[in-house]
Amino acid sequence: MRLDKFISHATGLPRDHSKRAVRHQRVSVNGEVVRNAALHVGDNDVIRLDDETLALPQPRYLMLHKPAGYICATEDGDHPIVLDLLTDMDTEGLAIAGRLDMDTTGLLLLSDDGQWLHRVSSPRHQHHKVYFATLHEAADHNTVTRFADGLMLRGEDKPTLPARCTPLPGNQAEVILQEGRYHQVKRMFAACGNQVLALHRQQVGDVVLDASLAPGAYRPLTQEEIASFQP
Ligand code: URA
């Protein structure tokens, strides 16, 4: 990365300020004052501006237990947004991987690492997602078969990928999807003549919602959880 770009990333200064700081000999690389703002610097170089050693901000990776009533958007005039729940951090640059409907609860993954977000949510990587649905009527054998075979959703031209629906006591069902179409779980049950009354996401890929997180709480992902989405 160019030195002036590094300085701007590390400090938040505009690029022309970073260039000026180099020109004014305020910047050293590995102890040597440098004058070339285009110098290429790498991970092992020690870069100082005046008396301060600079470091690039580290990307953030979070899991949030989304409560009902919050919108998965970065702004919304009418409703609270999930970023409002991240009370002790600067939410600038954070984005959501795989949105949930306003009334859906459960596991939400957030980061400011664009490539990682893409790996989590791009259809090409097909990370499975585990949901628990509370239904108007118990899921029947026909529903289980249609989920497994793939079914046509209203207004779409390709059937859904094979999905697993496991009926549970009390009109509940566990649903495992390999894709993430708009309102997919609700629309799949609607296509089978049923209705989802409540929906909770428990897992995305290998990352499971931490049972110690109350609705609205969040924590950083572990290294292992982050790495589970590597290509
Ligand atoms: N499917 C839905 O219908 N809603 C969600 O929030 C997630 C998956």
Side-chain angles (χ1 to χ4, degrees), residues 58-68 70-74 81-83 85-86 89 91 93-134 139 143-144 146-151 153 156 158-168 172-189 196 198-231:
Q58 291 303 304
R60 295 169 293 171
Y61 305 90
L62 304 171
M63 81 158 63
L64 166 72
H65 185 164
K66 180 191 174 296
Y70 283 78
I71 299 251
C72 285
T74 43
I81 58 171
V82 290
L83 296 184
L85 296 161
L86 309 178
M89 69 170 65
T91 58
L94 280 177
I96 299 158
R99 289 157 187 249
L100 294 174
D101 298 337
M102 182 158 112
D103 56 350
T104 302
T105 59
L107 177 62
L108 205 58
L109 300 173
L110 301 108
S111 178
D112 48 13
D113 176 344
Q115 289 185 349
W116 185 85
L117 288 165
H118 179 72
R119 282 201 296 280
V120 175
S121 45
S122 118
R124 200 164 61 78
H125 292 93
Q126 286 193 0
H127 298 294
H128 68 289
K129 297 160 196 84
V130 181
Y131 293 91
F132 288 99
T134 306
T143 300
V144 174
R146 291 191 65 201
F147 272 50
D149 290 348
L151 53 80
L153 292 173
E156 298 204 5
K158 272 201 200 121
T160 53
L161 293 175
R164 181 126 54 98
C165 172
T166 308
L168 300 171
Q172 305 256 332
E174 182 197 64
V175 175
I176 305 182
L177 300 184
Q178 313 175 42
E179 53 186 344
R181 302 191 199 183
Y182 182 64
H183 294 330
Q184 184 165 349
V185 176
K186 292 175 188 165
R187 289 164 74 215
M188 287 179 78
F189 280 110
V196 173
L199 187 61
H200 178 86
R201 184 160 68 194
Q202 182 63 15
Q203 186 171 342
V204 177
D206 292 337
V207 177
V208 179
L209 179 64
D210 191 325
S212 70
L213 288 179
Y218 59 97
R219 69 155 169 82
L221 293 181
T222 63
Q223 282 307 320
E224 198 180 353
E225 287 167 337
I226 298 164
S228 70
F229 292 105
Q230 298 308 326

Using every non-hydrogen atom in the two residues, find where [X] and [Y] come nearest and quote the distance to one decimal.
X	Y	answer
Val196	Val185	CG2-O, 4.2 Å
Gly216	Leu64	O-CD1, 3.8 Å
Ser111	Trp116	CB-CE3, 3.6 Å
Phe229	Arg119	O-NE, 2.8 Å
Thr143	Cys165	CG2-SG, 4.3 Å
Lys66	Asp101	NZ-O, 3.2 Å

Quick one: [atom1] on [X] to [atom2] on [Y], what's the gap to the nearest 0.5 Å?
X	Y	atom1	atom2	result
Leu110	Thr91	CG	OG1	10.0 Å
Leu62	Ile96	CG	CD1	11.0 Å
Ile176	Phe147	CD1	CZ	12.0 Å
Leu117	Tyr61	CG	OH	8.5 Å
Leu209	Arg201	CG	CZ	10.0 Å
Leu100	Leu107	CG	CG	8.0 Å

Between Glu225 and Arg219, does at least one N-O distance fall below 4.0 Å, as a salt bridge requires?
yes
Take a 6.0 Å sphere around OH of Tyr70 and say whether it holds more than 12 heavy atoms from other residues, nucleotides or ligands.
no
Got more than 12 heavy atoms from elsewhere within 6.0 Å of CZ, Arg164?
no
Between Gln178 (side chain) and Leu161 (backbone), is there a donor-acceptor pair under 3.5 Å?
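Not a single qualifying donor-acceptor pair exists.
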Donor-acceptor pair, Thr105 side chain versus Ala68 backbone, under 3.5 Å?
no
Taking the side chain as C-beta and beyond, is there a heavy-atom pair between [X] and [Y] under 4.5 Å?
X	Y	result
His65	His200	yes
Pro220	Arg60	no
Val175	Leu199	no
Leu153	Tyr182	no

From CA spacing to verdict: side-chain contact (heavy atoms from CB on, under 4.5 Å), Leu94, Met89:
CA-CA 10 Å; Leu94 280 177; Met89 69 170 65; 4.0 Å; yes
Hey, mind stepping through Tyr218 and Leu108 against side-chain contact (heavy atoms from CB on, under 4.5 Å) and telling me if it holds?
CA-CA 9 Å; Tyr218 59 97; Leu108 205 58; over 6 Å; no
Would His128 and Gln203 count as a side-chain contact (heavy atoms from CB on, under 4.5 Å) here? Give the steps.
CA-CA 8 Å; His128 68 289; Gln203 186 171 342; 3.6 Å; yes
Assess the residue pair Lys158 and Glu156 against the criterion (side-chain contact (heavy atoms from CB on, under 4.5 Å)); give the C-alpha distance rounded to whole Å, side-chain angles, the decisive distance to 0.1 Å, and a yes or no.
CA-CA 6 Å; Lys158 272 201 200 121; Glu156 298 204 5; 5.9 Å; no
